Each structure stands twice: as structure tokens, then as C-alpha cells.
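Structure, as C-alpha cells:
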Amino acid sequence: GESKDGSPDRPIHVILQEKGGSMIWGGIKWILSTLIYAFCILTVVNLAIESSGIMKATTKAKEFVPEPMTTPVRFSDVQGCEEAKGELQELVQFLKDPKEFTDIGGRLPKGVLLTGPPGTGKTLLARAVAGEADVPFFFMSGSEFDEMYVGVGASVTGDTPVLVRDGAGARLMPIGEYIDSYYPGSREGYVIPVEGVETLGYDGGSRMDGCSWKKVRQVYRHRVDEIYEIKYMGDTVRTTGDHSVFIRTKGGVRAIQARDLCVGDSLVDLPYDTSASPRRALEDSSPLVDNNGRSISSQQPAPLPMWDVDDAEASPETRQAIRRACLDQGIHEEVDVNPDLARLLGLYMARSDGCSNTESGEICIGFAGAEHELMGLFAKTAQNVFGIDGKQSCSGNDGQQAALVYPALVARFLSRQCGGTCFEDTGKRVPEFLWNASAEHCRAFINGYLQASGGSASSSIGSEQASGAHVLKSADARFLREIAWLASMHRIKAVLTMSNHSNSSNHEDQVCRLEVGDAPAKARIDAELSPVHKAAVIEAIERVPFSGYVYDFCGCDNEAFFGGNNPVLLHNSKVRSLFSAAREKAPSIVFIDEIDAIGSKRNPRDQTYMKQTLNQLLVDLDGFAQTEGVIFMAATNFPEVLDPALTRPGRFDRIVQVPLPDVRGRAAILKTHAKKIHLADDVDLSVVARGTPGFSGAELQNLLNIAAIEATKQRAKKVTNKHLDFAKDRIIMGSERKSAVITPESKLATAYHEGGHTLAAMYTPGALPLHKVTVMPRGHALGVTVQLPEIDRDSVNKSEYLAEIDVCMGGRAAEEIVLGSEKVT
């Protein structure tokens, strides 16, 4: 048969023909879809970058560095103040060779104050001193200095717990209690330098992987009228709005002012270890290190004597009697600081509420009948520490109550280390040596406390298991706070929840709760952050009134310290790095321009912030020795307003006058500034100098600059006398206002007015010679009459003053004669 259509023999041919314009429409659709996809991708990338904080500024504070001088300024560059340069030559010699002065007992002034009208070259003189001596030059204006110190207002309230270590030992205490000891009475508003003080800070840059002791250089307190309460993880930090706290971002940690924080931001707390189970974490003996691998406790603690400080200061007979008692009772005279001691103290502190003492001073530590294992652990650990066995005693029916009895020497030792025993009602405290001990000691102490805290039914501190965590409850907030800090320092998870029901009559409502060991209920783990941290997420921020002092540690290493019941990283206030940088670069010069902005005379009615900058400057000036090689220089146009405390001997005790230049000085200044200007051959700068009396160096430089600009506008190849006259008139009289719309009546009144000035100047004996008269509006005036002296005037006599008054009144007199008294302007 015949093949059908569509078979291989008779294929069907189909022709597709697109309508006109379809290719153009397809191209448009492709472009639009590509743009939409690109927009979506860029939006996602932008959100990721913003949330990570990669593009945000780092928290590193600005470092003060010497002002770069590619071309050092020399005395030859400063003209018109020869006497001032002569006085400053000795500063140059001292900076070059201080030993030449100190060998014969000489001391150079600590501060030099340059005074004089504006534009006379005071700042240039200071730079010239640094250039001649070839020393670093640190520059700061008065307004910058004021901002640096008035901004110090960033602080936290006095009840914020901080960890402090100084000559008296290490202790956790309210920051206000510590800093108040440095301030006499009600003084405040200035920073006090301190020596030998350390607090808990951190190492590293944008990542916070551990903690370590950091030096504190200054302390500070002042009054405020409002604070911000930042609530997080059962705790509250109360701080001023301009105080910065650190928050976590994917790009690292960074500081943000309290007023800019948001609910949901995560504060920076101490990291904890999640590589082991809760019990293994407590028993882990690895040392505590910072992010550089250095141990926080670099030295093994010294053995502790069985006697206390009072015993050590007693007579030799008393000390000998104590040693004999130790020998008779078989007790070690000194106790090694090891994990056994730490564990014993933890066990004892958990049982101290159930102990009692006998008439002879012995201590009885009670145990319930079912606590044989705990009692055995206590006895074995005490034998390892003291070298003696406790005497066992039983009481109650069928021996349901047991006790271990130890000598009075042991009782006194335990009392000194732990506090709050049956001998003293001062509250429990973490043994001081643990703040400097290794992680092994601290974990042994916490583990001992946790083992014993759940054994006594009569103890006021209970223990229960909640999701693997140890939950401790107590009314002793200070002690639980110390355990929380100690655990957090050594990567053990701990969250302290403070209850504050002041209106409640039930004591149980005021018990504090501490969760130690496993991930507490309030400690959520953020898998995106490494290492793992408790999520100290801000739950609420409230701005509230406040009346009292706020406090801060200043100049901390890395500009941060930990504070709070659950320690979080706080940014220390403005770092006083200007003076420390000057010390490091000594010999050097510190120059403060316009010092009257911060050094004006103090008034009792002034606000605190207006006085604290000057107070701080005085403190810092006193902190420099006159042989350190750091010279302070300052400049002011108003020396009469400076506080006497600032200009007394020992501070700014040398005052150098920098007056307006005379005709010879003006000529020298013009020649210096005209070196790079092409002047016409007929220009005589000495004539220009005689025609510019009262001009400062800055005004003379401006005169040459205006003349050069005018010559350029007129396409002249050189600056001529005409251009110089134009520049001088512009400086003296102001710019011409040729476009001003003025009525004929006003023009006529102005002409008579200026004519009156002119006639009075021409015919009044003692009046200054006329320089120029114009009725062209200049500046804010409709007309100007200018008089210039032929030479510089050093003094003015009575006739000259009267002549000046006559010239001033001549314009009004002319208007009154011509226009009448009713039309005088």
C-alpha cells in the first residue's frame, strides 16, 4: 500500500514562524529576570555583611601619635617675635641635652604658656621648638581636650561587682566601695592615678577567648542624674548612656554605647567549655589560660601558715608557743596550697552552718547518719592537708548524728580562709588564694562545695539536679556571686539569678539561685559563636532617674574589664593616652592650643562637667617630674581668664609674651611668606609693612594670598602694588558690595556722614592721617573712613583720644548740619 503521511517515506514538514518583535520581547524578559535575581542576591549578601559586623569599625581606641613633620619648622621660619624665640632657646637646649641642666641641680619649667593676640604665631613657635630640638610634637586643641575629659562621664553605678587585685590581695567587691577610698570627702569629677591595681580583663582583639589580670592606671567617679538599666540573664547592669559595653557579632566583639543598645543584643560574657560532661568539666585539671596560651596563675601559691597575721606580728614567745602546739598536735606548721586544700575548703564551707565549737576552741563538723561517705571524704582530705585525723563522735538515738572534731588551730585556720564560720558572722567568702590559683585548684574547690552542699538536710543551702546542672540557693548573695565569678573564670558554666522582692515578708522569696555545671535554663547556646558562650541576651533596657556617684576604671589594658553579678565585658572610659604616649616618646613636647577653653577660672556655681576637665589637667600635670623630658606648652589669647592653679610654679610657670609684630617684624614676615609669590619689581615690602600697622602674622600672610588670587583673576603674571592695596583694603574695610540696592536718600546721607569723618580727621590736631574714604558699601557698612598711623604707636595720649572721639562724632555732626536733627541716621 501507499505510505501514510508521517511515515519515514512521507515525513510531515512543520515551519514555525515567529511574529514580529518576539525576539525583542524575549531579550527584555531575560534582562528583567537577570536584574531581579541580581537584586535579590545582592540584598542577601548585604544583610549578611551587616549582621556579621565585618564592615563596622573596630573597637580599638584612637592612639595619640606625634604630629608628622615632613618639613620640620625652624626658628628661622618664625618672624616678628625675636624676644619670644630667645626665651624658648633654653627649652631646645634642655630637650637636646637634659643632663647639662640636671648636673648642676637646675630644673626646667614644666609648662610654658604662650600668650598674645590671635595670629601672632604661638602654635608655629611651639612647632619650631620641636623642630629645632628634633623631638616628637603632640598637638591637641582645647576643645579636643575638653571632649576627651568631659566624655569621661561614661561609668557604672557603685554596686557593680568587679574583681580587684592590689597590695591588700584579690577580692570581688562593688566598684564604688573600692574607688571611694581614693577620693576625699565628696570630691568627684577628676581622675586619680593609681599604682599596683589590677582587674579582670581579656586578651585578644575582636575575639574574646579567655580572661586575665589587667593593669588599672586610673580610677574615676562623678555624679549623674540618669542611668540606663540593662537587664540580661537574671542580672542588671546600671550605667550611663555614654558608657560602652561590648556585644557579640559574627565579626567579633565590639563596643556600643548604652544608649545605642537594642533588646536582643548579646553581651560579652566569659566562655565555657562544652567538650566534656558537667562532672568532667568540674574535675578537669587543665590550667586556665588566655587566648595566647598563658596561664592566669603563672606562679605556684606560697604555703599558708597555720597562724594568722596577728600571730606573725606577735612576740617571739607567742610564735614559739604556736609552733610548739603544732608540733605537739602533729599539725603541719604550713599548709601547701594544692587541690586537696581547695577541695577541703569547699567541703567545709558547705558544712560550716552545721558546725559548732567547744569551750576549748575545737571545731565540731556535723554529719547526718546517712552521710558516711561524705564524712569519710572530709576526714581523708583533712588528713592529707593537716596531717592529723579528726576525732569522731556520735550523738542522737542510735548514733544518727556524727561529727568530726579538730583542734583550735585548725578551726582558726578554716575561719581565716573562709569567713562566716561558727566563730564569726561576717558571711562566707571564697578563699583569697583561689583568685590567683590555677584552674585545677578552683575546680577542686567548686567540686568539693557541690559534693557537700546536698548532704545536710538542715543546711540553708540546698542542692538539686536540674537538667544535669547543680542548683544552689542561698540568701548569701555575696558568696554565690563569688562562686559564679570563680566558675566563669575557669570555663565552668554558671548563671546567678538575683531576686529582689523588697515588699515580700517571706524570706524564701529573696533567696538567690546559682546554676553551675551544665547548660542552665537561661543559658542558651548559640551555635554560630565559637567558643560557646552563655547567651547574655539583653532582655530590656530602661532609662531611669538616678542621683549619686557612678564609677569607672580608666586606662585598663585592652580598654575593658569585667563587671556584674554574671560578669560581662565593660568598656573602660576614655583612655588618657596623650600623656602616656608623650612619656613613651620622651623627650617630647605636648602642646595644647586655646587652653582657655578648659583652663578658665573655676566658679562654685559652675556645673561639675565644666570643672572636671581642668581638675584632671591639673592632676596630670602634677604626675610629671621636671626631669622626665616632657615639656608642656600651651597657647591662649586671654591669659587673664586662666585659673591661678594652672599658672602657679610647678605647672605652667613660664609665660612667654608673643605680641603683634612691629614694622621690622612685619617686613620680615612679608619676606618669608613672599618667597613663593612672584612680585613685580616695583613692589617694596618695607612700604607695605609700614602701611599695615597692627596686622598680625596671619593677617600679613592672608594679605599676600588675597593679592596673589586677585592677580590670577586679572590674568596678571606678577603681583603688583595695586593688588597689594586691594588686599589691604579688603582686610581693613571688607569686600565691596557693588550689587547692593540703596536709595538715593541713603546714598546722600552716607556721603555727608563720611565727609564729616573726613573733615574732622583733616582739621583735628592729633588725629591719625587719612588712608582712604569710600561711600561704596563694604562689609556691613554703607561707607568707610579709614585712618592709619604713619608709624607704630606704643602709647596714646589724652589729645589723641579726644581727637579720635571728634572724628567719630564728625559724621553725625555733618548729617545734623545738612539734613537736620530729625534725619540723623
Side-chain angles (χ1 to χ4, degrees), residues 117-119 637-638 659-663 666 684 686-696 698-700 702-703 706-707 709-710 713-714 720-825:
N637 305 326
F638 307 101
L660 290 170
D662 56 15
V663 62
R666 292 195 297 275
D684 187 352
S686 61
V687 175
V688 179
R690 287 196 299 271
T692 52
F695 275 47
S696 66
E699 289 173 321
L700 293 172
N702 190 35
L703 182 147
I706 293 174
I709 293 174
E710 181 64 18
K713 290 168 61 178
Q714 295 181 5
T720 64
N721 287 317
K722 177 182 177 182
H723 301 138
L724 292 171
D725 288 340
F726 169 83
K728 183 172 67 174
D729 292 343
R730 183 170 179 176
I731 292 174
I732 295 175
M733 298 184 292
S735 302
E736 292 182 346
R737 293 190 291 123
K738 296 180 179 180
S739 61
V741 178
I742 304 173
T743 62
E745 292 80 6
S746 295
K747 290 182 180 179
L748 183 63
T750 301
Y752 283 121
H753 185 94
E754 301 304 329
H757 288 315
T758 303
L759 291 173
M762 293 175 61
Y763 296 104
T764 302
L768 295 177
L770 282 169
H771 168 65
K772 185 170 288 188
V773 180
T774 179
V775 293
M776 172 67 69
R778 282 179 172 267
H780 297 288
L782 295 176
V784 182
T785 300
V786 180
Q787 300 169 270
L788 290 177
E790 295 179 347
I791 58 175
D792 293 334
R793 294 199 303 173
D794 299 322
S795 59
V796 181
N797 57 40
K798 180 179 178 180
S799 63
E800 291 172 335
Y801 275 125
L802 292 175
E804 187 174 345
I805 295 174
D806 290 344
V807 173
C808 290
M809 299 301 296
R812 177 185 177 88
E815 288 188 57
E816 189 171 342
I817 292 172
V818 177
L819 304 176
S821 59
E822 299 297 327
K823 294 187 178 181
V824 173
T825 60

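The shown structure was predicted, so the numbers you read here are calculated from the model rather than taken from an experiment.
For the atom pair I732 CD1 and F695 CZ, the distance stands at 4.0 Å (nearest 0.5 Å). Taken from CG in N702 to CD1 in I709, the straight-line distance is 8.0 Å, to the nearest 0.5 Å. Distance CG/L748 to CG/L819: 6.0 Å, rounded to 0.5 Å. From S735, atom OG reaches atom CZ of R730 across 3.5 Å, with rounding to the nearest 0.5 Å. In this structure, M776 CE and T774 OG1 are separated by 6.0 Å, a value rounded to the nearest 0.5 Å. Taking NZ from K823 and CD from E815, the interatomic distance works out to 12.0 Å, rounded to the nearest 0.5 Å.
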- Message: Set out, in order, the CA-CA distance, both residues' side-chain angles and the distance that settles side-chain contact (heavy atoms from CB on, under 4.5 Å) for L788 and K772, then state yes or no.
- Response: CA-CA 9 Å; L788 290 177; K772 185 170 288 188; over 6 Å; no
- Message: For a side-chain contact (heavy atoms from CB on, under 4.5 Å) check, start with the C-alpha distance between E736 and R778, then their side-chain angles and the critical distance, and finish with the verdict.
- Response: CA-CA 4 Å; E736 292 182 346; R778 282 179 172 267; 3.0 Å; yes
- Message: Assess the residue pair F726 and T720 against the criterion (side-chain contact (heavy atoms from CB on, under 4.5 Å)); give the C-alpha distance rounded to whole Å, side-chain angles, the decisive distance to 0.1 Å, and a yes or no.
- Response: CA-CA 10 Å; F726 169 83; T720 64; over 6 Å; no
- Message: H723 vs Q714, test: side-chain contact (heavy atoms from CB on, under 4.5 Å). Steps then yes/no.
- Response: CA-CA 10 Å; H723 301 138; Q714 295 181 5; 3.0 Å; yes
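When all heavy atoms of L782 and I742 are compared, the closest pair comes out as CD2-CD1, 4.0 Å. Annotation for T785 and L770: closest pair CG2-CD2, 3.7 Å, computed over non-hydrogen atoms. Nearest heavy-atom pair, V775 versus E754, reported as atom, atom and distance to 0.1 Å: CG1-CG, 4.3 Å. For G694 against L660, the heavy-atom pair with the smallest separation is O-CD1, 3.9 Å. Contact detail for H757 and V807: the closest heavy-atom pair is ND1-O, 2.7 Å. Between P117 and P659 the shortest heavy-atom distance is CD-CA, 4.3 Å.
Looking at T692, its side chain does come within 3.5 Å of a backbone N or O of A689 through a donor-acceptor pair. D662 places no side-chain N or O within 3.5 Å of a backbone atom of D792 that could act as its donor or acceptor partner. Here the side chain of E699 pairs no donor or acceptor atom with the backbone of G119 at under 3.5 angstrom. With hydrogens and angles disregarded, a donor-acceptor distance shorter than 3.5 Å links the side chain of R737 to the backbone of G779. Under a 3.5 Å cut-off, the side chain of E800 and the backbone N or O of N797 do form a donor-acceptor pair.
At least one side-chain heavy atom of L703 sits less than 4.5 Å from a side-chain heavy atom of K728.
Annotation for R812: atom CZ does not count as buried by contact number, only 12 or fewer foreign heavy atoms lying within 6.0 Å. Counting heavy atoms of neighbouring residues, nucleotides and ligands inside a 6.0 Å radius, atom CE of M809 does not exceed 12 of them.
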